[in-house]
Each structure stands twice: as C-alpha cells, then as structure tokens.
Amino acid sequence: MRDTWPLLRDVPFPAIARARLETLQVNVGYRCNQSCVHCHVNAGPNRTEEMDGATVDAVLRFLERSRARTLDITGGAPELNPHFRRLVRAARDMGARVMDRCNLTILEQPGQEDLADFLAANQVEIVASMPCYQQDNVDRQRGKGVFDGSIRGLRRLNALGYGRDETGLVLNLVYNPQGPSLPPAQVRLEADYKRILSEQHGVVFNALYTLANMPIQRFGATLIAKGQFDSYLALLRHSHLDANLDGVMCRSLLSVDYRGMVYDCDFNQMLDLPLTRGDRARVRLSDLIGEDIAGNPIRVAGHCFGCTAGQGSSCGGALKEAAE
C-alpha cells in the first residue's frame, strides 16, 4: 500500500493548540469483519493488532483521573477486542458517556449474538457507519451483502429502543462520500436518510454525521492508484475555512492506540504522528495522568484540511451547516 505521508508532510496548515480535554478516543484494535474502501485505518479480518488487558487498565486509570467525560471506542470493529465489554462496564460505572463506533454487521458475527442487548443494557451510544441509504452504494464501498446486514442490525437496535428520543438509547449514523468529493449539507442529507430508511425499511435513528474521506491509508492509496490524490488534496485545501479551526476534534479529543501511545487525533495515529510533550517525542497515556495538556501544540499536515474543508468534518459530523 502506498504511503501518503510523503505527499502530506510538507503541506502547510495553520498552527493550532489543544483546548480542554473532553473526549478520550481509544482504538482497541485494527481487526474488523469488513474491509471498507474508505477506511482510514486499513482495518480488516487479517489485522492482528489489539489492545491488551494492561493497556485497558491504563485507559481506565486515566479516565478516572482526567476531565474527559466521554469514552469513544473505535477500531477496526472494537467489539472484537476481548476486553471491550470490561472497558465499557468500567467506564459506565464511572459515569462516563460511552460511544461505540459500530459497523452494524458485527451484531451478526459468531460470538456477538448478545452484543446488541449488552450495548442497550449499558446505555452505550452507538455511532454506526452507513455511507448511503441505497444498497448498491453501500455494498460497493463496504462489501457485498453489507447493506442488508446493516438494515437487519438497525432493526434489531430499534427493537431494543435505539434511535427513539424517549428511550435515551442514542443511535447515530455516519455518511462518507463514495469518492474524492466533499460531503453534502448534513441537515438536508439527514432528512433524506430519515425519510427513506423509515419508508423503505422501517428504520429510525437520532442523527446523521457527515464525514469527509481522509487521504490516508486505504483511501489515500486508492486515490494515488487512480491518479486522483493531488486533485483531492487541492479540493480540500481550496475549500478550507478558518472558521472551522475552533471546532476541529483534535482540540478537545485525545487519541490512544492499541499500545497505549497517544496522538492528537485518530488520523495522526494512522500516520504515526504521535503527540509530543516538551522534549518527549512519544508519550504513553499513563505518562499523562494528572497532566493538563491544554495549550499543547497539535501536529498538523496536509490531511488536516479534511477536517476544515467546507462545512467541516469531525467525529461528531459537520462543524457548521454548509451553504446552500
């Protein structure tokens, strides 16, 4: 796979610094039951990297002593990590808001038959990838049969109360463009998703997040292979808005990899750009317990334009409503 870092490292991006920490995002492993075209993690069934029990313990110690009140668990398919459920339970016992970046089809995998019930019982907020409301587009991006499996997963979650405001069980969906283009207006697309998924499949959900594809890992390599990398990066740079800098996720989020090393965001993690602290080029999460990292400079490069282009893009979707 082609490394995109040499094409991104010398692209200037405005200097930004960290604000107050609100979210601890933990990547518990790169193994996944899917191999999506847009995946910036290059996750798949053959990946073996996963967080061990000792590192999970370090995550919980940090969460207990930090100001971060949200634990955002991602992967790969995070549920495949053998310590996933222990991590969820312990974080919920602390009163933390817990988010699971779920691909929906994991709910049908052997050994995960009770996963939906577990998530509901622990009031875990689900953020589920659903890059389109049309079968052909989803299967093209994520694999044959994924759309039907995702619909079955959504119906199962709905049956448990997910996606209904009165239950408090939050189910949000994530949209990614099919190729090298910016996402459409989030509010308008959310309305289309809700109408079509309800009318055609009887599915409900709370909100839609629109995310731009990052020119790194699998998606970046695909752009290079098709000769589209330079034009896509130019689109991101041309669409940059300074107004989005205050809302980018890296200012209030800390990313942790399966080894317990820390990064400013998940994208920097995939490019192996660790958070730096003083004269320390690499920092473990356990080293930051009790430290205030507000004001720490954030490592930036060309890929960061993926978060500031147009309406902006973050783990919580668009940063602002796109212009009509």
Side-chain angles (χ1 to χ4, degrees), residues 13-14 16 23 36-40 72 99 101-104 125-142 147 150-151 154 162-165 170-201 203-216 219 222-223 228 231-253 265-267 302-324:
F13 186 85
I16 52 177
T23 300
C36 301
V37 173
H38 65 279
C39 183
H40 71 274
D72 185 348
M99 302 167 63
R101 301 274 167 174
C102 179
N103 67 23
L104 295 174
E125 181 175 327
I126 296 176
V127 183
S129 182
M130 190 71 175
C132 190
Y133 45 70
Q134 295 178 329
Q135 180 175 359
D136 289 348
N137 287 346
V138 172
D139 286 356
R140 186 182 311 117
Q141 193 170 13
R142 308 187 70 199
F147 180 81
S150 297
I151 293 297
L154 289 170
Y162 271 103
R164 307 181 192 280
D165 292 337
V170 178
L171 171 61
N172 296 324
L173 303 186
V174 176
Y175 165 88
N176 293 88
Q178 291 289 307
S181 61
L182 295 180
Q186 181 169 283
V187 171
R188 189 166 52 198
L189 186 61
E190 178 182 286
D192 289 340
Y193 262 71
K194 287 189 171 182
R195 174 177 55 83
I196 293 173
L197 289 179
S198 176
E199 291 176 354
Q200 297 184 7
H201 305 285
V203 165
V204 297
F205 64 95
N206 296 100
L208 178 73
Y209 297 159
T210 57
L211 273 61
N213 290 323
M214 276 290 166
I216 61 177
F219 183 70
T222 299
L223 292 176
Q228 298 174 328
S231 60
Y232 183 58
L233 185 57
L235 171 65
L236 297 179
R237 296 183 67 180
H238 177 74
S239 305
H240 165 80
L241 294 177
D242 282 341
N244 288 328
L245 290 171
D246 287 340
V248 289
M249 61 184 177
C250 54
R251 300 199 64 200
S252 60
L253 175 148
C265 72
D266 195 45
F267 306 124
H303 63 292
C304 298
F305 287 106
C307 290
T308 61
Q311 62 187 327
S313 181
S314 76
C315 283
L319 301 176
K320 60 186 287 291
E321 177 54 15
E324 298 291 335

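Residues Cys265 and Leu253 come closest through the heavy atom pair CA-CD2, 4.2 Å. Across all non-hydrogen atoms, the minimal contact from Ala212 to Gly306 is CB-O, 3.5 Å.
Put simply, the side chain of Leu189 does not reach to within 4.5 Å of the side chain of Pro183, judged on heavy atoms. Put simply, the side chain of Phe13 reaches to within 4.5 Å of the side chain of Leu245, judged on heavy atoms. Counting only heavy atoms from C-beta outward, the side chains of Met130 and Ile151 approach each other to under 4.5 Å. At least one side-chain heavy atom of Thr210 sits under 4.5 Å from a side-chain heavy atom of Gln311. Between Met214 and Cys307 there is a side-chain heavy-atom pair separated by less than 4.5 Å.
Of the residues Asn206, Val204, Val203, Val127, the one that meets the side-chain contact (heavy atoms from CB on, under 4.5 Å) test with Leu171 is Asn206. For the pairing with Tyr133, the ring-ring contact (aromatic ring centres under 6.0 Å, His included) check across Tyr175, Phe147, Tyr193 returns one residue only, Tyr193.
The structure places CD of Glu190 at 9.5 Å from OH of Tyr209, a figure rounded to the nearest 0.5 Å. The distance from the NE2 atom of His303 to the CD1 atom of Ile216 is 6.0 Å, given to the nearest 0.5 Å. A distance of 9.0 Å separates OG1 of Thr308 from CG of Leu319, quoted to the nearest 0.5 Å. In this structure, the separation between OH on Tyr232 and CG on Asn213 is 5.0 Å, given to the nearest 0.5 Å. Of the inter-residue distances, the one linking Ser231 atom OG with Leu223 atom CG reads 7.5 Å to the nearest 0.5 angstrom. Residue Leu236 holds its CG atom at 6.0 Å from CG of Leu182, rounded to the nearest 0.5 Å.
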Ile16/Asp246 under side chain to side chain contact (heavy atoms under 4.5 Å, CB included): CA gap, chis, key distance, verdict: CA-CA 9 Å; Ile16 52 177; Asp246 287 340; over 6 Å; no
Leu173 vs Leu197, side chain to side chain contact (heavy atoms under 4.5 Å, CB included): CA-CA, chis, key distance, verdict: CA-CA 11 Å; Leu173 303 186; Leu197 289 179; 3.8 Å; yes
